[in-house]
Amino acid sequence: MSQATTSEPAAASTNREASSIVTAFAGAAAGAFGVWALDRVDWFLWNHEDEGARARTTAIRPGGEPPAQALVTKVEKATGKALSADAHEAVSQAVHYSIGIAPAIGYALLRDKLPGNGVARGALYGVGLFLTQDEVLNTVTGLGAKPQRYPWQAHARGIVAHTVYGVATELALAFLDKTLGKRASANT
């Protein structure tokens, strides 16, 4: 076998790996944007939600806290180290963003293999994340109450906010595709 023939597969493999790394970073950036968009919608809806529904939602949350804050509180209790209120809030925000960034990296790497395309695919991704995280994982991990305990408004707010997250993540990835060139999943 000639030297040129042997090095071509290695070069293609290196290009795919580099391209996958770029796609992962693009997914992280798009996920951060998605979380930011989710927060804007979620807070808007929360602030316009019936006061009784907000009170019921807060009352059934572990410690009255949203999941990311509840996770930080669990870690504080497990380690016996309480953070100041400001540090607790800052770490909770970092956890909240991480919870949205991590799956966005996977989404970016796999999105060409997922059903649908464009905004529709992003919306399905957001709904899937809502069902997986809010309706299942938060309950299983003790970061949220059982779904049937929440008022319907909490579910509606969650599904709308997560759909916006998915669409915003997809739109950010599409923008980055155009800005950075075709993404890794094309494996050029």
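The shortest side-chain heavy-atom distance between E65 and L143 does not fall under the 4.5 Å cut-off. Residues T139 and P147 are in side-chain contact: their nearest non-hydrogen atoms beyond the backbone lie under 4.5 Å apart. D42 has its side chain within reach of R157: a pair of non-hydrogen atoms, C-beta onward, lies under 4.5 Å apart. Residues L173 and Y107 form a side-chain contact, since some pair of their non-hydrogen atoms from C-beta on lies under 4.5 Å apart. By the 4.5 Å heavy-atom criterion applied to side chains, L45 and Q153 are not counted as neighbours.
The two residues A172 and F33 make their nearest non-hydrogen contact at CB-CD2, 3.9 Å. In terms of heavy atoms, I101 sits closest to A32 at CG1-N, 3.7 Å. The two residues T23 and A108 have their closest heavy-atom pair at CG2-O, 3.5 Å. Across all non-hydrogen atoms, the minimal contact from P62 to A70 is O-CB, 4.3 Å.
Proximity of a side-chain donor or acceptor of R40 to a complementary backbone N or O of W36 within less than 3.5 Å is detected.
S92 meets the side chain to side chain contact (heavy atoms under 4.5 Å, CB included) test with Q69, V72, H88; sequence neighbours excluded. Residues satisfying the side chain to side chain contact (heavy atoms under 4.5 Å, CB included) test with I60, not counting sequence neighbours, are A145, R149, Y150.
Linking ILVMFWY residues whenever their side-chain heavy atoms come closer than 4.5 Å, directly or via other members, places L176 and V22 in the same cluster. When hydrophobic clusters are built by joining Ile, Leu, Val, Met, Phe, Trp and Tyr residues whose side-chain heavy atoms come closer than 4.5 Å, directly or via intermediates, V164 is grouped together with I159. Linking ILVMFWY side-chain heavy atoms closer than 4.5 Å, directly or via other members, places Y97 and I105 in a single hydrophobic cluster.
In E51, the CD atom is not crowded: 12 or fewer heavy atoms of neighbouring residues, nucleotides or ligands sit closer than 6.0 Å.
How far NZ of K74 is from OG1 of T141: 6.0 Å, rounded to the nearest 0.5 Å. Summarising the geometry, atom CG belonging to L180 is positioned 10.0 Å from atom OG belonging to S19; distances are rounded to the nearest 0.5 Å. Here CG of L114 is found 9.5 Å from CD of E170. Values are rounded to the nearest 0.5 Å. The distance from atom CG of L83 to atom CG of D86, rounded to the nearest 0.5 Å, is 10.5 Å.
Using a 30° and 60° split on the angle between ring planes, F44 and H48 fall in the tilted class, from 30° to 60°.
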Yes or no on salt bridge (charged side-chain N to carboxylate O under 4.0 Å, His left out) for E76 and K81, after CA distance, side-chain angles and deciding distance?
CA-CA 5 Å; E76 287 174 320; K81 298 185 184 214; over 6 Å; no
Tell me, with the steps shown, if W43 and L38 meet side chain to side chain contact (heavy atoms under 4.5 Å, CB included).
CA-CA 8 Å; W43 278 110; L38 174 145; over 6 Å; no
Which pairs would a plain distance check flag for residues 124-137, meaning a side-chain donor or acceptor within less than 3.5 Å of a matching protein atom at least two apart in sequence or in another chain?
| from | atom 1 | to | atom 2 | distance (Å) |
| --- | --- | --- | --- | --- |
| Y125 | OH | P103 | O | 3.4 |
| Y125 | OH | A104 | N | 3.1 |
| Y125 | OH | Y165 | OH | 2.8 |
| T132 | OG1 | G128 | O | 2.8 |
| Q133 | NE2 | I99 | O | 3.2 |
| E135 | OE1 | H155 | ND1 | 3.4 |
| E135 | OE2 | H155 | ND1 | 2.9 |

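Both tests hold for R61 against W46: distance to the six-membered ring centre under 6.0 Å, angle to the ring axis within 45°.
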